[in-house]
Amino acid sequence: MNVKDFIYERVSKGTMHMTLLDPAKQSPVRAAEMAVMAQEMGSDAIMVGGSTDVTQENLDATILAIKARATLPVIYFPSGAHAISRHADAMYFMSMLNSVNVNHVIGEQVKGAPIVKMLGIEPISMGYIIVEPGMKVGEVGMAKPIPRNDPQMAAAFALAAEYMGMSLVYLEAGSGAPQPVPSEMIAAVKRTISVPLLIGGGIRDARTAEQVRLAGADVVVTGTVVENGALGEDLRQLIRAAKGNV
Ligand code: 1GP
(Lines give C-alpha, C1' and ligand atoms only; values in the text may rest on other atoms or scores of the structure.)
Protein backbone atom coordinates (compact mmCIF):
# COMPACT_ATOMS: atom_id res chain seq x y z
CA MET A 1 0.00 0.00 0.00
CA ASN A 2 1.31 3.46 -0.73
CA VAL A 3 1.68 5.98 2.06
CA LYS A 4 -1.16 8.23 0.94
CA ASP A 5 -3.58 5.29 1.00
CA PHE A 6 -2.21 4.29 4.41
CA ILE A 7 -2.93 7.80 5.76
CA TYR A 8 -6.41 7.93 4.22
CA GLU A 9 -7.31 4.52 5.59
CA ARG A 10 -5.85 5.22 8.99
CA VAL A 11 -7.61 8.58 9.46
CA SER A 12 -10.93 6.98 8.51
CA LYS A 13 -10.60 5.05 11.80
CA GLY A 14 -9.54 7.93 14.04
CA THR A 15 -6.92 10.59 14.65
CA MET A 16 -3.30 9.71 13.87
CA HIS A 17 -0.14 10.92 15.55
CA MET A 18 3.02 11.70 13.59
CA THR A 19 6.45 12.38 15.05
CA LEU A 20 8.62 15.01 13.37
CA LEU A 21 12.39 14.65 13.53
CA ASP A 22 14.71 17.36 12.23
CA PRO A 23 17.86 15.81 10.71
CA ALA A 24 19.87 18.92 11.64
CA LYS A 25 19.13 18.62 15.35
CA GLN A 26 20.67 15.28 16.35
CA SER A 27 22.82 12.49 14.99
CA PRO A 28 21.22 9.86 12.75
CA VAL A 29 21.77 7.27 15.49
CA ARG A 30 19.91 9.43 18.00
CA ALA A 31 17.13 10.14 15.49
CA ALA A 32 16.69 6.39 15.02
CA GLU A 33 16.48 5.88 18.79
CA MET A 34 13.83 8.59 18.99
CA ALA A 35 11.86 7.04 16.13
CA VAL A 36 11.92 3.61 17.78
CA MET A 37 10.74 5.14 21.04
CA ALA A 38 7.94 7.06 19.28
CA GLN A 39 6.88 3.87 17.51
CA GLU A 40 6.80 1.94 20.77
CA MET A 41 4.66 4.66 22.29
CA GLY A 42 2.08 4.47 19.54
CA SER A 43 3.05 7.10 16.97
CA ASP A 44 1.82 6.18 13.47
CA ALA A 45 4.46 7.66 11.16
CA ILE A 46 7.75 9.52 11.23
CA MET A 47 8.14 12.83 9.41
CA VAL A 48 11.67 13.98 8.70
CA GLY A 49 12.39 17.63 7.94
CA GLY A 50 13.37 21.07 9.20
CA SER A 51 13.32 24.71 8.16
CA THR A 52 17.07 25.27 8.13
CA ASP A 53 20.28 23.24 7.87
CA VAL A 54 18.80 20.16 6.21
CA THR A 55 21.40 18.82 3.79
CA GLN A 56 21.35 15.86 1.41
CA GLU A 57 23.86 14.17 3.72
CA ASN A 58 22.09 14.59 7.06
CA LEU A 59 18.73 13.83 5.43
CA ASP A 60 19.86 10.56 3.80
CA ALA A 61 21.79 9.45 6.87
CA THR A 62 18.86 10.19 9.20
CA ILE A 63 16.26 8.44 7.05
CA LEU A 64 18.49 5.38 6.52
CA ALA A 65 19.19 5.12 10.26
CA ILE A 66 15.49 5.37 11.09
CA LYS A 67 14.51 2.82 8.48
CA ALA A 68 17.10 0.37 9.74
CA ARG A 69 15.45 0.31 13.18
CA ALA A 70 11.82 1.40 12.94
CA THR A 71 9.03 -0.05 10.82
CA LEU A 72 6.78 3.03 10.67
CA PRO A 73 6.44 4.83 7.33
CA VAL A 74 9.03 7.62 6.96
CA ILE A 75 7.74 10.70 5.17
CA TYR A 76 10.06 13.48 4.05
CA PHE A 77 8.75 16.94 4.99
CA PRO A 78 10.82 19.20 2.72
CA SER A 79 11.77 22.83 2.97
CA GLY A 80 12.93 22.99 -0.64
CA ALA A 81 14.43 21.08 -3.57
CA HIS A 82 18.03 21.30 -2.33
CA ALA A 83 17.75 17.95 -0.54
CA ILE A 84 15.49 15.06 -1.58
CA SER A 85 16.00 11.54 -0.25
CA ARG A 86 15.37 8.41 -2.28
CA HIS A 87 15.24 6.49 1.01
CA ALA A 88 11.97 8.01 2.25
CA ASP A 89 8.79 5.96 1.81
CA ALA A 90 7.05 9.11 0.54
CA MET A 91 7.36 12.87 0.65
CA TYR A 92 4.90 15.65 1.07
CA PHE A 93 4.84 17.46 -2.26
CA MET A 94 3.78 20.68 -0.70
CA SER A 95 3.15 24.33 -1.38
CA MET A 96 3.26 27.02 1.28
CA LEU A 97 0.04 28.61 0.10
CA ASN A 98 0.30 31.80 2.13
CA SER A 99 3.90 32.64 1.33
CA VAL A 100 4.46 35.97 -0.37
CA ASN A 101 7.49 34.42 -2.10
CA VAL A 102 6.44 32.53 -5.23
CA ASN A 103 9.47 30.32 -4.81
CA HIS A 104 7.83 28.64 -1.81
CA VAL A 105 4.50 28.39 -3.57
CA ILE A 106 5.67 26.81 -6.84
CA GLY A 107 9.37 27.52 -7.55
CA GLU A 108 10.99 24.82 -5.42
CA GLN A 109 8.31 22.40 -6.57
CA VAL A 110 9.25 22.95 -10.22
CA LYS A 111 12.89 22.28 -9.35
CA GLY A 112 12.03 19.21 -7.30
CA ALA A 113 9.40 17.48 -9.47
CA PRO A 114 11.80 15.97 -12.04
CA ILE A 115 14.06 14.74 -9.22
CA VAL A 116 11.13 13.12 -7.40
CA LYS A 117 10.12 11.38 -10.63
CA MET A 118 13.65 10.21 -11.36
CA LEU A 119 14.11 8.84 -7.84
CA GLY A 120 10.68 7.18 -7.85
CA ILE A 121 9.55 8.66 -4.51
CA GLU A 122 5.81 8.73 -3.78
CA PRO A 123 4.68 12.38 -3.75
CA ILE A 124 1.72 13.24 -1.52
CA SER A 125 0.32 16.64 -2.44
CA MET A 126 -0.26 18.94 0.51
CA GLY A 127 -1.40 22.49 1.03
CA TYR A 128 0.76 24.00 3.77
CA ILE A 129 -0.80 26.95 5.57
CA ILE A 130 1.05 28.98 8.20
CA VAL A 131 -0.94 30.31 11.15
CA GLU A 132 0.31 32.96 13.57
CA PRO A 133 2.88 33.09 15.05
CA GLY A 134 4.48 30.90 12.36
CA MET A 135 7.85 30.84 14.12
CA LYS A 136 10.97 29.99 12.09
CA VAL A 137 9.17 28.30 9.22
CA GLY A 138 6.94 31.33 8.76
CA GLU A 139 9.96 33.59 8.67
CA VAL A 140 12.09 31.45 6.36
CA GLY A 141 9.07 30.79 4.12
CA MET A 142 8.13 34.47 4.01
CA ALA A 143 4.59 33.57 5.05
CA LYS A 144 1.85 36.05 5.67
CA PRO A 145 0.50 34.02 8.59
CA ILE A 146 -3.25 33.56 9.03
CA PRO A 147 -4.34 35.75 11.99
CA ARG A 148 -5.29 33.58 14.96
CA ASN A 149 -8.71 35.26 15.13
CA ASP A 150 -9.59 34.57 11.49
CA PRO A 151 -10.76 30.95 11.15
CA GLN A 152 -12.67 31.78 7.97
CA MET A 153 -9.48 32.81 6.21
CA ALA A 154 -7.87 29.51 7.20
CA ALA A 155 -10.92 27.64 5.94
CA ALA A 156 -10.83 29.49 2.62
CA PHE A 157 -7.14 28.66 2.11
CA ALA A 158 -7.78 25.02 2.99
CA LEU A 159 -10.75 24.78 0.65
CA ALA A 160 -8.69 26.33 -2.15
CA ALA A 161 -6.05 23.64 -1.51
CA GLU A 162 -8.67 20.91 -1.76
CA TYR A 163 -10.17 22.39 -4.92
CA MET A 164 -6.69 22.52 -6.46
CA GLY A 165 -6.48 18.78 -5.91
CA MET A 166 -4.25 18.61 -2.87
CA SER A 167 -4.59 15.36 -0.90
CA LEU A 168 -3.80 16.81 2.52
CA VAL A 169 -4.01 20.16 4.31
CA TYR A 170 -1.53 21.11 7.04
CA LEU A 171 -2.22 24.02 9.41
CA GLU A 172 1.09 24.98 11.00
CA ALA A 173 1.57 27.30 13.97
CA GLY A 174 5.35 26.77 13.71
CA SER A 175 7.67 24.53 15.64
CA GLY A 176 7.97 25.69 19.25
CA ALA A 177 4.92 27.99 18.99
CA PRO A 178 3.73 29.11 22.45
CA GLN A 179 0.21 27.94 21.58
CA PRO A 180 -1.12 25.54 18.94
CA VAL A 181 -3.50 26.46 16.13
CA PRO A 182 -6.69 27.71 17.87
CA SER A 183 -9.43 25.10 18.31
CA GLU A 184 -12.06 27.32 16.59
CA MET A 185 -9.82 27.53 13.54
CA ILE A 186 -9.24 23.77 13.44
CA ALA A 187 -12.99 23.20 13.73
CA ALA A 188 -13.83 25.73 10.99
CA VAL A 189 -11.33 24.15 8.59
CA LYS A 190 -12.49 20.63 9.42
CA ARG A 191 -16.12 21.59 8.69
CA THR A 192 -15.09 23.04 5.34
CA ILE A 193 -12.82 20.42 3.76
CA SER A 194 -13.05 16.69 3.18
CA VAL A 195 -9.35 15.85 2.82
CA PRO A 196 -7.36 14.91 5.95
CA LEU A 197 -6.25 17.81 8.14
CA LEU A 198 -2.83 17.86 9.83
CA ILE A 199 -2.20 20.16 12.80
CA GLY A 200 1.25 20.99 14.14
CA GLY A 201 3.22 23.48 16.16
CA GLY A 202 3.16 24.06 19.90
CA ILE A 203 1.59 20.76 20.98
CA ARG A 204 3.61 19.70 24.01
CA ASP A 205 1.29 17.92 26.42
CA ALA A 206 -1.58 15.46 26.49
CA ARG A 207 -4.21 18.07 27.29
CA THR A 208 -3.30 20.18 24.29
CA ALA A 209 -3.10 17.11 22.04
CA GLU A 210 -6.60 16.14 23.13
CA GLN A 211 -7.96 19.64 22.46
CA VAL A 212 -6.49 19.56 18.96
CA ARG A 213 -7.98 16.12 18.27
CA LEU A 214 -11.41 17.10 19.64
CA ALA A 215 -11.38 20.27 17.53
CA GLY A 216 -11.08 18.11 14.41
CA ALA A 217 -7.47 17.25 13.60
CA ASP A 218 -7.03 14.07 11.57
CA VAL A 219 -3.30 14.03 12.23
CA VAL A 220 -1.58 15.54 15.27
CA VAL A 221 2.08 16.34 14.61
CA THR A 222 4.64 16.87 17.37
CA GLY A 223 8.34 17.58 17.08
CA THR A 224 9.86 19.60 19.93
CA VAL A 225 8.46 17.38 22.65
CA VAL A 226 10.54 14.46 21.38
CA GLU A 227 13.61 16.59 20.64
CA ASN A 228 13.53 17.85 24.20
CA GLY A 229 13.97 14.31 25.37
CA ALA A 230 10.46 13.82 26.71
CA LEU A 231 10.52 10.20 25.71
CA GLY A 232 9.01 8.75 28.85
CA GLU A 233 5.50 8.33 30.11
CA ASP A 234 4.61 11.93 29.14
CA LEU A 235 5.09 11.14 25.49
CA ARG A 236 2.99 8.00 25.78
CA GLN A 237 0.20 10.08 27.38
CA LEU A 238 0.48 12.74 24.68
CA ILE A 239 0.24 10.18 21.87
CA ARG A 240 -2.71 8.45 23.55
CA ALA A 241 -4.50 11.77 23.93
CA ALA A 242 -3.78 12.69 20.31
CA LYS A 243 -5.24 9.41 19.12
CA GLY A 244 -8.18 9.33 21.51
CA ASN A 245 -7.32 6.06 23.20
CA VAL A 246 -6.62 7.78 26.50
C1 1GP B 1 6.49 21.28 12.66
O2 1GP B 1 4.60 21.89 13.75
C3 1GP B 1 5.53 20.90 13.71
O4 1GP B 1 5.84 21.21 11.44
C5 1GP B 1 6.17 20.60 15.01
O6 1GP B 1 6.00 21.60 15.97
O7 1GP B 1 8.07 21.30 17.31
O8 1GP B 1 6.17 22.66 18.20
O9 1GP B 1 5.98 20.17 18.00
P10 1GP B 1 6.57 21.44 17.47
Side-chain angles (χ1 to χ4, degrees), residues 1-50 54-78 83-94 116 119-126 167-168 170 175 196-200 203 206 209 212-213 217-246:
M1 186 192 289
N2 67 25
V3 177
K4 180 189 150 188
D5 290 346
F6 163 72
I7 295 171
Y8 269 58
E9 185 177 311
R10 182 57 194 72
V11 299
S12 73
K13 296 180 183 142
T15 305
M16 294 176 79
H17 176 269
M18 294 192 190
T19 299
L20 174 68
L21 297 172
D22 184 339
K25 292 203 174 148
Q26 67 284 300
S27 70
V29 171
R30 179 72 187 132
E33 285 169 5
M34 291 157 87
V36 167
M37 189 66 74
Q39 176 170 333
E40 283 170 0
M41 297 205 170
S43 195
D44 298 297
I46 305 294
M47 291 166 48
V48 176
V54 175
T55 65
Q56 190 65 52
E57 290 70 33
N58 64 24
L59 178 67
D60 278 334
T62 297
I63 292 178
L64 280 170
I66 294 171
K67 289 207 60 75
R69 296 205 35 210
T71 54
L72 292 180
V74 177
I75 307 168
Y76 178 36
F77 178 45
I84 296 177
S85 179
R86 70 174 76 231
H87 305 296
D89 295 304
M91 69 181 280
Y92 295 131
F93 201 87
M94 52 197 268
V116 173
L119 297 179
I121 307 161
E122 178 194 341
I124 307 175
S125 58
M126 182 162 83
S167 305
L168 303 172
Y170 190 163
S175 183
L197 174 61
L198 289 79
I199 303 292
I203 302 163
V212 166
R213 171 175 58 79
D218 292 299
V219 180
V220 175
V221 181
T222 62
T224 303
V225 81
V226 179
E227 282 163 12
N228 284 348
L231 295 176
E233 197 51 31
D234 287 353
L235 182 63
R236 191 186 300 278
Q237 296 298 339
L238 186 156
I239 293 173
R240 278 203 191 136
K243 296 173 69 163
N245 45 1
V246 204

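- Rounding to the nearest 0.5 Å places CZ of R240 at 13.0 Å from CZ of R213.
- Of all non-hydrogen atoms in L72 and Q39, the two that sit nearest each other are N-OE1, 3.4 Å.
- Judged purely by atom type and a 3.5 angstrom limit, R86 has no side-chain atom pairing as donor or acceptor with the backbone of G120.
- In this structure, M94 CE and S125 OG are separated by 11.5 Å, a value rounded to the nearest 0.5 Å.
- Y76 places no side-chain N or O within donor-acceptor distance of the main-chain N or O of I63, the cut-off being under 3.5 Å.
- With rounding to the nearest 0.5 Å, the separation of CG in L20 from OG1 in T222 is 8.0 Å.
- Contact annotation: the side chain of V225 never approaches that of I203 to less than 4.5 Å [non-hydrogen atoms, C-beta and beyond].
- The heavy-atom pair separating R236 from M41 by the smallest distance is N-SD, 3.6 Å.
- Expressed to the nearest 0.5 Å, how far CE of M18 lies from CD1 of I199 amounts to 12.5 Å.
- No side-chain heavy atom of L238 sits less than 4.5 Å from a side-chain heavy atom of D234.
- Residues I75 and I7 are in side-chain contact: their nearest non-hydrogen atoms beyond the backbone lie under 4.5 Å apart.
- Minimum heavy-atom separation, Y92 to L168: CE2-CD1, 3.6 Å.
- Between the D5 side chain and the N2 main chain, no donor and acceptor come within less than 3.5 Å of each other.
- When all heavy atoms of N58 and A24 are compared, the closest pair comes out as ND2-CA, 3.9 Å.
- Between K25 and R30 the shortest side-chain heavy-atom distance does not fall below 4.5 Å.
- With E122 contributing its side chain and M91 its backbone, the two residues share no donor-acceptor pair below 3.5 Å.
- Ring geometry, F77 versus Y170: the interplanar angle falls under 30°, so the pair is classed parallel (tilted spans 30 to 60°).
- Listed here is the closest heavy atom pair of A88 and I121: O-CG2, 4.4 Å.
- The distance from atom NZ of K243 to atom CZ of R10, rounded to the nearest 0.5 Å, is 5.0 Å.
- Atoms CE and CD, from M16 and E9 in turn, are 10.5 Å apart once rounded to the nearest 0.5 Å.
- For the pair S85 (side chain) and D60 (backbone), a donor-acceptor distance under 3.5 Å is absent.
- When atom types are taken as modelled, the side chain of S43 and the backbone of H17 share a donor-acceptor pair closer than 3.5 angstrom.
- Smallest separation of non-hydrogen atoms from A65 and A32: O-CB, 3.4 Å.
- Contact of the V74 side chain with the D89 side chain is registered, since non-hydrogen atoms from C-beta on lie closer than 4.5 Å.
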